[in-house]
There are 2 protein chains.
Amino acid sequence: MELDSRKKAILYAIIENYQETGEPVGSRTISKLEHFKFSPATIRNEMADLEEMGLIVQPHTSAGRIPTDKGYRLYVDKMLEEQKEAKKDIPALPMADLLSKRIDRVEELLVKMAQILASNTNYTTMVTGPHYRKNKLKFLQLSSMTDGKILAVVVLEGNMVKNHILDVGETLDPQELLNLNFLLNNRLNGLSMEEINLGLISSMKEEAGAHSQVVLQILDAVAETFAQEETYPIYTSGAPNIFRYPELTGGDRASELISTLEEKKELGSAIGQLSKGGSQQDIQVFIGDEVPVDSMKDCSVVTATYSLGEGVQGKIGIIGPKRMNYQKVVDTLKDTMNQLDQVFAKPEE
Amino acid sequence: MELDSRKKAILYAIIENYQETGEPVGSRTISKLEHFKFSPATIRNEMADLEEMGLIVQPHTSAGRIPTDKGYRLYVDKMLEEQKEAKKDIPALPMADLLSKRIDRVEELLVKMAQILASNTNYTTMVTGPHYRKNKLKFLQLSSMTDGKILAVVVLEGNMVKNHILDVGETLDPQELLNLNFLLNNRLNGLSMEEINLGLISSMKEEAGAHSQVVLQILDAVAETFAQEETYPIYTSGAPNIFRYPELTGGDRASELISTLEEKKELGSAIGQLSKGGSQQDIQVFIGDEVPVDSMKDCSVVTATYSLGEGVQGKIGIIGPKRMNYQKVVDTLKDTMNQLDQVFAKPEE
DNA sequence: CGTTAGCACTCAATTGCTGCGAGTGCTAAC
DNA sequence: GTTAGCACTCGCAGCAATTGAGTGCTAACG
């Protein structure tokens with residue numbers, strides 16, 4: 001069966017109409033549209049063909065048609081193709097304000113970004129925390145606190161900062177602390193997790209002498225900081241938006257979706273899989289069954305990879321119904337990525 | 001009308017039965033209960049009286065009775081009264097593991113606590129971040145990073161630690177940084193937000209000489225750290241639990257509840273009001289209309305005040321249907337508070 | 001006088017039925 | 001190739017009948 005241009009036009013009309021109304025669209029509706037000069041009967045013939053090709057279906061015999069996953073896929077692929085050439089201008093998000101402000105913690109930026117995206121698109125947004133690949137220790141800083149406790153601030157490349165309060169049991173005088181500080185920074189700075197090996201550790205313990213226990217505790221803290229970057233957090237925003245789309249909330253589906261979003265664990269591993277094939281193009285669209293999370297088989301997910309420079313990167317995903325406005329979501333994500341790039345690419349160089 | 005002991009027994013039986021089933025309970029059900037040797041007819045007479053007193057109602061004429069807010073209030077008050085004397089032992093939560101582990105960040109503890117409470121009670125839990133009253137600056141620590149940036153770590157009493165990366169524009173040599181570090185700590189340590197006044201600031205600027213701009217930036221960072229403690233965060237957990245209770249999810253209520261929980265802002269101001277009257281007893285129960293959040297008028301909320309020593313305290317709240325198991329929730333919260341006290345009271349003294 | 005059996009009554013929920021309408025597929029005519 | 005016409009399907013709203021849980025009342029009982 002040939003998919004001529006008229007069939008395509010009808011398919012896209014069905015998809016776009018269904019996006020707006022959420023209801024199956026019939027032949028009459030299409031024929032009354034601007035660009036179509038054919039009677040409902042003609043449309044029906046074409047629709048029968050489209051159904052045969054598996055691009056649309058009828059929910060029940062006496063209803064209009066809705067697109068299948070395959071139909072959406074065709075539509076989205078064509079859309080992404082066109083994107084490459086003509087770049088559509090969409091109103092810029094108020095992201096600039098956010099980005100121009102001094103950002104102390106990457107997490108805050110990500111959370112706010114998720115919120116803006118969610119409220120702008122009316123879909124649900126999830127963002128994985130930054131993933132620092134083969135990260136290195138930039139420096140660490142020890143300060144003494146009250147009664148036998150010291151504060152260890154561990155700073156990784158990419159300005160990931162984490163505090164650890166260590167109970168060392170003994171009270172270190174300022175000079176000793178300074179020495180330790182020097183020793184550790186001297187030996188460890190610029191090293192990655194793998195490079196801090198047993199030989200290095202034992203030689204440091206030796207040098208630290210009486211304070212070898214403290215050194216071990218600090219190394220624990222360093223290890224934990226590296227480890228935390230492995231198990232990056234996931235932020236979600238706009239979860240209640242799913243209630244806007246009846247097809248997602250019928251039955252117990254709402255409950256399942258909300259649970260998945262809250263638990264986040266499953267999302268994490270899914271996100272990992274999401275990145276499998278898309279290295280050439282940073283925006284990916286998953287439709288219905290293509291989504292690797294069971295409770296989201298009725299949704300579509302659009303993901304993008306963001307980068308904050310210095311190899312710091314993560315994923316951002318927009319979750320909505322299969323009839324989501326792919327055009328808008330893709331454009332919005334691209335715009336956001338561009339803005340991020342502009343802000344982070346320049347000052348880091 | 002007299003509320004004799006038999007009437008009370010029947011009221012409590014209705015409440016407890018309704019807690020389990022979620023369905024209106026009829027006279028037959030009560031009379032078949034263990035401890036009741038009366039016929040349904042007798043029970044009916046008593047129930048008519050209870051209804052007259054406004055303690056129970058019929059959702060519709062041919063249905064059983066369900067408790068009113070007033071009925072619950074009576075039940076809860078009596079329960080809280082009994083609590084004071086006989087302390088019931090409930091199985092301890094696995095909170096000990098959590099508490100015995102080294103806790104670097106208070107937030108993490110709170111989030112995990114919320115998760116455990118939510119999964120243990122099957123209700124929704126919210127926790128306000130710690131509120132540091134008239135907090136003081138413990139110390140601050142400057143370190144130089146790459147190209148004109150310095151890391152300022154601000155530590156408040158109560159071991160609240162916050163990092164700020166400042167772009168100072170100029171490159172400070174280590175000695176200058178040390179001097180600044182000394183100057184600032186010398187002047188500011190032990191002071192509260194209010195005590196850092198304009199006179200102090202201008203005298204420090206003078207002393208800093210060429211680096212007065214840097215001093216200002218650092219003061220900004222300090223102010224922001226204090227400010228963040230004012231706008232304490234709110235963590236929620238177990239939001240999907242509300243789907244377990246059909247009376248909360250009928251119609252659009254689920255959506256409203258979930259939205260309220262995600263937005264959290266309204267919760268924050270509400271939590272403030274929650275603490276108004278309950279200084280003598282740290283556990284408070286709000287039933288139905290007593291809850292100061294509109295979208296939660298069909299819920300009950302049990303709150304407790306936790307304290308992590310050094311005047312660091314916040315609120316924890318369990319949100320469930322009006323037919324929640326108050327006994328279990330109150331016991332669980334008390335137990336949790338006790339465990340927190342035990343862990344934090346000792347080492348801090 | 002408190003308790004209970006009996007009975008008429010109420011009303012939500014369920015079931016089954018009907019008519020409506022949107023939409024289709026097919027056929028025949030243009 | 002396109003269109004008008006028509007029979008057909010099927011979800012859905014509306015309505016009546018039925019069911020059943022539960023009540024309130026009254027009269028009898030110990």
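Reminder, nothing fancy here: chain letters follow the sequence lines and each chain counts from 1.
- Toward the 5' end of DNA chain C, the nearer of the two residues B:Pro59 and B:Thr42, judged by each one's closest nucleotide, is B:Thr42.
- A close approach under 4.0 Å does not occur between any side-chain nitrogen or oxygen of A:Arg65 and OP1 or OP2 of C:dG23.
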field: Watson-Crick or G-U pairs under 3.5 Å in DNA chain C, rendered as dot-bracket with [ ] for crossing pairs and | for another strand
entry: ||||||||||||||||||||||||||||||
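- No cation-pi contact links A:Arg6 to A:Phe36, judged by a cut-off of 6.0 Å to the six-membered ring centre and 45° from its axis.
- Note: A:Tyr326 and A:Tyr75 have perpendicular aromatic rings, judged against thresholds of 30 and 60 degrees for the angle between ring planes.
- Side-chain contact, B:Thr125 with B:Ser237: no donor N or O sits under 3.5 Å from an acceptor N or O.
- Scanning atom types as modelled, one donor and one acceptor separated by under 3.5 angstrom connect the side chain of A:Ser62 and the base of D:dC10.
- Contacts between residues 43-58 of chain B and DNA chain C, defined by a heavy-atom separation under 4.0 Å, are made by B:Arg44, B:Asn45.
- Salt bridge A:Arg323/A:Glu247: present, at least one basic N to carboxylate O contact under 4.0 Å.
- Judged as a salt bridge (charged side-chain N to carboxylate O under 4.0 Å, His left out), the pairs with a partner in residues 49-62 of chain A (not counting sequence neighbours) are, in order, A:Lys7-A:Asp49, A:Glu51-A:Arg65.
- B:Lys334 and B:Ile283 make their closest contact through CG-CD1, 3.7 Å (heavy atoms, listed as atom of the first residue, atom of the second, distance).
- The side chain of B:Phe38 approaches C:dT4 more closely than any other nucleotide in the set D:dT3, C:dT4, C:dT10.
- At a non-hydrogen distance threshold of 4.0 Å, B:Gly26, B:Ser27 from residues 3-31 of chain B come into contact with DNA chain D.
- Closest to the side chain of B:His60, out of C:dT3, C:dA12, D:dG24, is C:dA12.
- A search for side-chain contact (heavy atoms from CB on, under 4.5 Å) contacts involving B:His35 returns nothing, not counting sequence neighbours.
- For residues 17-29 of chain A, the side chain to side chain donor-acceptor pair (under 3.5 Å) pairs, not counting sequence neighbours, are A:Ser27-A:Arg44.
- One finds no salt bridge joining B:Asp69 and B:Arg73 here, because no Lys/Arg side-chain nitrogen approaches an Asp/Glu carboxylate oxygen to under 4.0 Å.
- For the residue pair A:Ser39 and A:Ser31, no side-chain donor N or O sits within less than 3.5 Å of a side-chain acceptor on the partner.
- Here C:dA5 is the nucleotide among C:dT3, D:dT9, C:dA5 with the atom lying nearest to any side-chain atom of B:Ala41.
- Per the geometry, CD1 belonging to B:Ile66 stands 16 Å off C1' belonging to D:dA21, to the nearest Å.
- Between B:Lys322 and B:Asp298, none of the side-chain N atoms (NZ, or NE/NH1/NH2) sits under 4.0 Å from a carboxylate O, so this pair counts as no salt bridge.
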